[in-house]
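Note sheet for the following structure.
Both backbone and side-chain heavy atoms feed into the values below; hydrogens, waters and symmetry mates do not.
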Amino acid sequence: MKNITMNVLYLLADDMRADLGSYGLPVFTPNIDALAESSLLFDYAYSQISVCSPSRQSFLTSLRPDKNKIWNFLDHNPKESMTTPRHFRDNGFLTLGLGKTYHEDWGAWHADLNWNTTSPGLPYYPYQNNRCPITSHARESGGQCILEDEKIYDYRLRLKTIEYLKHAGKLAKDTENPTPFFIMAGFRDPHAPWAAPQRFYDMYDEELIDIPPMEAQTLGNGTPRIAWSKELNILVPPYGKAFHYSYDKPLPGWVSRNQRRAYYASVSYVDEHIGAIVKSLKKEGLYNSTIIVFHSDHGYALGEHGYWEKKSNFDMTIRVPLLMHVPGVTDVEGYVGKTKSIFELVDVLPTLSGLLGLPPLLDTDGMNLAEVVHLGGATDKSSSIERKVAYHQFPACNTRSFNHTRTQCNKVPAKDFNFMGYSIRSKRWRYTVWYRWIGNILSSDWDGDFADELYDHKGDDSTDFDKWENINVSAQNPEVCIRLRSKIESFFRNREQDWIAAST
């Protein structure tokens, strides 16, 4: 077995979009920004499905949702699937898990198969929901959740992660038989309702918070209504009043600012946790021997296109913050720590494995992009080792046609979906096409009618969520649509046929 000299600290946020200071955006995240200074920050990182459980099932196995047909909260990968923690455990790492890594079983999905839960390991530390003053009757609602530190799950997770780090650090620094560690901690924030102490709400003057211009607050011109669904119940204190909104009726400006303030506060709270954990890593003398990975499970919408929450094919719900800190690589003088190389979350596992020189995984959909990490921003001058596009998909339920709004499909059996939306993102374009769903074979009607969306991202430098995807330009660019639809069909339909053949 290879002599491992590096540990891994893997930090995961829930529902966090790339709205961070290090991306030139307004949220106050000094600790993540400081970490980014010695890391590689990805401008174009994307999830493969924008909802909690299927996304985590995807990137923690490096398998796309289509591989084992994991598009809802009812289905899961086979328990024998190779996962990120299991891969590291099998290669001699002490693997410890905390918080919302998987969505299932409060994070502890098949814990004994994935983590070292017995000595010298530690029990999996499950996540919990927060109990918020005005939203206890609707725990998935948006709105303020102002609580003391001790009453918020992520604060307890922070303390427990530091405790686990100290335990693992002793084993890693054992002079006679050092054991590298892989520790993964998944925060609950900024999942709604947005929990943080008052001091984080006080960081933001609600009246000064920017909201999208009016033309960006409703569904884009020419965008089919199937692209939109109402997912978040908007609640405003002091009594938890709910506000109606729709694809053509945005929230009042003051309500949007109120919600953004709460979301930003919870993001800043996660930032404090990350700062405390990294500080502990340094105190234990482990910072220079530990790879740090940080990303979210998917992005989030805060009123753009009249949309709130995730569960869509819009860019801001798919794009995620992602950084990788690799001692001796990303912290050396002259390293360009920001890249426009496209990266998919299914690439995290093979890339981490490649950075550590572990045996390659045999059955993954992700790419080993360790060379991109080694080159950093210099990769932008070469196209030979980077992804050209990223793929995403999301199903539609409870809708009759392309021109009706939809609902999410979390608790809907896959055979009862109505449509499937497939999306491709290049540097210039995002193209999404919706096909009717054939439930008895769990496949799209690839030869039937469809609705499509094309959005021009020319000039998008990843610092503005409001400017893009407000006009569907598919009618004006038929050749682009044909080319990108062909790529989608080649990618998803051909792979689907290969998977069907392999399972028969």
Is [X] salt-bridged to [Y], going by a charged N under 4.0 Å from an acidic O?
{"X": "D15", "Y": "K310", "result": "yes"}
{"X": "E272", "Y": "R199", "result": "yes"}
{"X": "R257", "Y": "E206", "result": "no"}
{"X": "D43", "Y": "K340", "result": "yes"}

Which heavy atom of [X] sits nearest a heavy atom of [Y], and at what distance?
{"X": "Q393", "Y": "P65", "result": "OE1-CB, 3.8 Å"}
{"X": "F59", "Y": "L349", "result": "O-CB, 4.5 Å"}
{"X": "W468", "Y": "D460", "result": "CZ2-CA, 3.2 Å"}
{"X": "P190", "Y": "D14", "result": "CD-O, 2.8 Å"}
{"X": "T218", "Y": "P250", "result": "CG2-CD, 3.7 Å"}
{"X": "A396", "Y": "C409", "result": "C-SG, 3.5 Å"}

Are the aromatic ring centres of [X] and [Y] under 6.0 angstrom apart?
{"X": "W434", "Y": "F402", "answer": "no"}
{"X": "H273", "Y": "F187", "answer": "yes"}
{"X": "Y10", "Y": "H295", "answer": "yes"}
{"X": "Y391", "Y": "F491", "answer": "yes"}

Check the angle between the aromatic planes of [X] and [Y] and answer parallel, tilted or perpendicular using the 30° and 60° thresholds.
{"X": "Y263", "Y": "W194", "result": "perpendicular"}
{"X": "W254", "Y": "F243", "result": "perpendicular"}
{"X": "Y264", "Y": "Y204", "result": "tilted"}

I'd like to know if the side chain of [X] pairs up with that of [Y] as donor and acceptor (distance under 3.5 Å, no hydrogens or angles considered).
{"X": "N130", "Y": "R188", "value": "no"}
{"X": "S423", "Y": "R430", "value": "yes"}
{"X": "N472", "Y": "S474", "value": "yes"}
{"X": "T317", "Y": "H298", "value": "no"}
{"X": "Y124", "Y": "T101", "value": "yes"}
{"X": "T84", "Y": "H87", "value": "no"}
{"X": "N398", "Y": "T407", "value": "yes"}

Mind running salt bridge (Lys or Arg N to Asp or Glu O under 4.0 Å) on K467 and D461 for me, showing each step along the way? CA-CA 11 Å; K467 187 176 180 180; D461 63 358; over 6 Å; no
Do any N or O atoms from the side chain of [X] and from the backbone of [Y] form a donor-acceptor pair under 3.5 angstrom?
{"X": "E104", "Y": "Y102", "value": "no"}
{"X": "H457", "Y": "R428", "value": "no"}
{"X": "Q57", "Y": "N77", "value": "yes"}
{"X": "S268", "Y": "F28", "value": "yes"}
{"X": "S58", "Y": "P54", "value": "no"}
{"X": "E231", "Y": "E309", "value": "no"}
{"X": "R261", "Y": "Y201", "value": "yes"}
{"X": "W437", "Y": "A414", "value": "yes"}
{"X": "D315", "Y": "I318", "value": "no"}
{"X": "S53", "Y": "H103", "value": "no"}

* Evaluation steps, side-chain hydrogen bond (donor to acceptor under 3.5 Å, both in side chains), between R406 and N418 -> CA-CA 9 Å; R406 59 178 171 82; N418 300 127; over 6 Å; no
Requested in this report: Report the C-alpha distance between V51 and F394 in whole Å, list the side-chain angles of each, state the deciding distance to 0.1 Å, and finish with yes or no for side-chain contact (heavy atoms from CB on, under 4.5 Å).
Outcome: CA-CA 9 Å; V51 69; F394 204 82; 3.9 Å; yes
To the nearest 0.5 Å, what is the distance between [atom1] on [X] and [atom2] on [Y]?
{"X": "L235", "Y": "N258", "atom1": "CG", "atom2": "CG", "value": "10.0 Å"}
{"X": "H392", "Y": "I49", "atom1": "NE2", "atom2": "CD1", "value": "6.0 Å"}
{"X": "R493", "Y": "S486", "atom1": "CZ", "atom2": "OG", "value": "11.0 Å"}
{"X": "K160", "Y": "D154", "atom1": "NZ", "atom2": "CG", "value": "15.0 Å"}
{"X": "S229", "Y": "W308", "atom1": "OG", "atom2": "CH2", "value": "14.5 Å"}
{"X": "L322", "Y": "D347", "atom1": "CG", "atom2": "CG", "value": "9.5 Å"}

Margin query: Within a 6.0 Å radius of atom NZ on K487, are there more than 12 heavy atoms belonging to other residues, nucleotides or ligands?
Written below: no
**Prompt:** Above 12 or not: heavy atoms from other molecules or residues under 6.0 Å from CZ of F73?
**Reply:** yes
Practice prompt. Show your reasoning for whether side-chain contact (heavy atoms from CB on, under 4.5 Å) applies to E304 and Q217.
Written response: CA-CA 5 Å; E304 298 88 356; Q217 291 186 43; over 6 Å; no
Run L281 and I292 through side-chain contact (heavy atoms from CB on, under 4.5 Å) and show every step you take.
CA-CA 10 Å; L281 196 68; I292 303 174; 3.8 Å; yes
* Could you please spell out the steps behind the ring-ring contact (aromatic ring centres under 6.0 Å, His included) verdict for Y127 and W106? => CA-CA 5 Å; Y127 72 89; W106 304 103; 5.1 Å; yes
Side chain to side chain contact (heavy atoms under 4.5 Å, CB included) with Y431: of V480, V389, I488, only one passes, and it is I488
Residues at least two apart in sequence or cross-chain that pass salt bridge (Lys or Arg N to Asp or Glu O under 4.0 Å) with D297, listed by chain then number, are R56
Salt bridge (Lys or Arg N to Asp or Glu O under 4.0 Å) filter on R86, not counting sequence neighbours, yields none
Do the non-hydrogen side-chain atoms of Y44 and S462 ever get within less than 4.5 Å of each other? yes
Fill in: Audit row: D19, R17, salt bridge (Lys or Arg N to Asp or Glu O under 4.0 Å) steps and yes/no
CA-CA 5 Å; D19 218 345; R17 67 196 217 155; 3.0 Å; yes
(Q) Please evaluate residues K388 and I342 with respect to the criterion side-chain contact (heavy atoms from CB on, under 4.5 Å), reporting the C-alpha separation (whole Å), side-chain torsions for both, the decisive distance (0.1 Å), and the verdict. (A) CA-CA 7 Å; K388 305 300 183 185; I342 289 176; over 6 Å; no
By side chain to side chain donor-acceptor pair (under 3.5 Å), Y455 pairs with (sequence neighbours left out) T223, E453
> If you draw the axis of the six-membered ring of F343, does the NZ or CZ of R319 fall within 45° of it and under 6.0 Å from the ring centre?
Replying inline: no
